[in-house]
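Below is one structure. I have some questions about it.
The first residue of the sequence shown is numbered 1, and numbering continues consecutively from there. In each ligand, atom 1 is the first atom listed, and ligand 1 is the first ligand listed. Note that this is a predicted model, so its numbers are computed, not measured.
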Amino acid sequence: MRTTTARAHPNIALVKYWGKADEDLILPAAGSLSLTLDQFPTTTTVAPAPSAELDVLELDGRPADAGQTARISDFLDHVRTLAGRDERVIVRSRNSVPTGAGLASSASGFAALATAAAAAFDLDLSPRDLSRLARLGSGSACRSIAEGVAVWHAGDDASSFAEPVDAPDMRMIIVTVDRARKAVSSREAMRATAATSPFYSGWVSSTEDYLRQMLVACRAGDFTRIGEITESHALRMHGLIQSTVPPIRFLNPTSHAIFDAVAEAREQGIEAYSTADAGPNVAVIVRPSDAGALAGRLTAFGDVRVVGPGPGAHLCTEEGAAVPAAAVDAAAPVAVPASEPASEGGRA
Ligand code: 2P0
């Protein structure tokens with residue numbers, strides 16, 4: 001074993017994942033497509049702890065609670081099984097995503113952890129197998145293994161992974177209207193939706209249909225069609241979620257006001273389209289040349305960040321996140337510059 005550090009970025013889905021075909025293997029009911037971002041990274045170090053009886057998890061410099069540690073430890077069991085080893089580890093994770101606020105912190109978190117842990121346990125996984133591994137931590141994490149626009153295939157354990165898709169260059173304006181942890185997790189909420197919404201089967205079939213259209217639009221470089229599908233699919237997802245019994249609502253009045261402002265900008269010639277995940281924050285896709293002007297208009301609604309397509313999960317240097325000397329074995333950290341993806345192929 002060795003000490004390794006990896007970095008991954010969140011992704012925002014343009015065709016959403018909401019519902020599982022298999023809860024244990026985290027197989028989605030339908031495929032999805034996302035943009036991995038170039039900001040809000042999670043950086044995670046995995047260090048051997050040969051004498052420890054339990055895994056230790058530290059999040060942003062503080063010990064994690066029992067629930068968080070159990071989820072990470074369950075995930076690490078998958079890595080240990082793959083590696084045929086049983087050592088416990090120390091995991092130190094630094095997160096620049098507003099945790100729990102619908103900006104997909106579990107995606108960057110498990111993508112970084114999968115990448116660091118696989119290397120720490122000397123597993124040499126292909127990008128496809130790394131994506132499958134990350135999926136076992138959190139479904140959307142499999143998409144953050146890939147750079148830029150990525151499609152996550154529905155399927156069985158072997159065939160459900162994410163991979164890059166060729167797509168036109170675009171920017172995303174993230175409007176953060178609320179940084180609070182959401183009241184209900186995506187995992188619980190999507191389970192409740194699947195169990196109670198009368199619209200769920202229509203959602204699954206129409207998502208597959210939209211994904212096919214989205215892949216055609218991406219390959220054609222058709223920004224307008226990408227945007228139309230993105231906004232329509234987001235609104236369908238929130239309609240579906242609101243049809244859960246009892247109802248769940250993630251969007252608030254400010255979220256709706258941003259959708260309206262973007263529609264108004266569109267009428268005035270700035271082509272842009274809104275989406276939102278399991279929280280009130282809104283992400284707006286826009287052509288690079290329009291990003292600055294639109295971002296200026298959206299500052300009225302919250303903190304605004306313009307992001308672009310980012311790298312897939314990759315090994316990196318530790319950058320000062322010290323690991324206690326007693327927990328480190330003799331092996332040196334893997335020294336791969338943060339800017340150079342270590343395990344990713346180019347975009348298709
Ligand atoms: C997505 N979301 O496609 C959708 C849109 C939230 C709204 O994927 O249970 O945290 O760990 O597989 O990945 C959030 O779901 O759920 C999510 P699990 P995850 O980005």
Those atoms of ligand 1 less than 4.0 Å from some heavy atom in Arg71: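 So the answer, numbered in order with elements, is 11 (O).
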Ion pair check, Arg191 and Glu188, cut-off under 4.0 Å: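 Between Glu188 and Arg191 there is no salt bridge, as every charged N stays at least 4.0 Å from the carboxylate O atoms.
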Over 12 non-hydrogen atoms of neighbours within 6.0 angstrom of CZ in Arg287: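 For Arg287, atom CZ is crowded (more than 12 foreign heavy atoms under 6.0 Å).
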Geometric cation-pi criterion Arg236 and Tyr210, 6.0 Å radius, 45° cone: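 Yes, Arg236 sits over the ring of Tyr210.
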Proximal atoms of ligand 1 relative to Ser186 (non-hydrogen, under 4.0 Å):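 Once the distances to Ser186 are compared, the set is 6 (C), 14 (C), 15 (O).
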Part of Arg143 with heavy atoms under 4.0 Å of ligand 1, whether side chain, backbone, both or neither: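 Within the 4.0 Å criterion, Arg143 contacts ligand 1 through side-chain atoms alone.
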Asp290/Arg171 ion pair, N-O < 4.0 Å: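 No, Asp290 and Arg171 are not salt-bridged.
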Geometric class of the Phe259/His256 ring pair [parallel <30°, tilted 30-60°, perpendicular >60°]: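 Because their plane-to-plane angle lies in the 30° to 60° range, the rings of His256 and Phe259 count as tilted.
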Ligand 1 atoms in contact with Lys20 (distance to a heavy atom under 4.0 Å):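 Matching atoms, with element in brackets: 9 (O), 12 (O), 18 (P).
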Enumerated ligand 1 atoms positioned under 4.0 Å from heavy atoms of Gly139: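 This gives 11 (O), 12 (O), 13 (O), 18 (P) as the contact atoms.
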For Lys16, atoms of ligand 1 separated by under 4.0 Å from a heavy atom: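 Near Lys16, meaning under 4.0 Å from one of its heavy atoms, ligand 1 has 3 (O), 5 (C).
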Test of ring centre spacing under 6.0 Å for His9 and Phe40: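 Not under 6.0 Å, so no.
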Those atoms of ligand 1 less than 4.0 Å from some heavy atom in Trp18: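 Counting atoms of ligand 1 from 1, those under 4.0 Å from Trp18 are 6 (C), 7 (C).
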Common cluster, Ile145/Phe75, ILVMFWY with side-chain heavy-atom separation under 4.5 Å: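 In one cluster: yes.
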Close-contact set for ligand 1 against Arg187 heavy atoms, below 4.0 Å: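 In order of number, 9 (O), 11 (O), 18 (P).
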Heteroatom proximity flag, Ser138 to ligand 1, N/O under 3.5 Å: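 Between Ser138 and ligand 1 (N or O atoms, distance only) the closest approach is under 3.5 Å.
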Nearest option to atom 15 (O) of ligand 1, as decided by whichever heavy atom of Met237, Met190, Glu23, Arg191 sits closest: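 It is Met190 that holds the nearest heavy atom.
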Residue Asp65 excluded, over 12 heavy atoms near CG under 6.0 Å: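 Atom CG in Asp65 is crowded, with more than 12 foreign heavy atoms closer than 6.0 Å.
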Residue Ala13 vicinity, atoms of ligand 1 by number, heavy atom under 4.0 Å: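 Heavy-atom distances to Ala13 below 4.0 Å select 1 (C), 3 (O), 20 (O).
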contact_flag Ala278 ligand 1 heavy-atom lt 4.0 Å: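 A heavy atom of Ala278 does come that close to ligand 1.
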Ligand 1 versus Ser106: contacting region, heavy-atom distance under 4.0 Å: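 Within the 4.0 Å criterion, Ser106 contacts ligand 1 through side-chain atoms alone.
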Arg85, CZ atom: more than 12 neighbouring heavy atoms under 6.0 Å: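 Yes, CZ of Arg85 has more than 12 neighbouring heavy atoms, counting only those of other groups under 6.0 Å.
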Side chain, backbone, both or neither: the part of Ile26 lying under 4.0 Å from ligand 1 by heavy atom: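 Near ligand 1, Ile26 shows its side chain, while the N, CA, C and O stay back.
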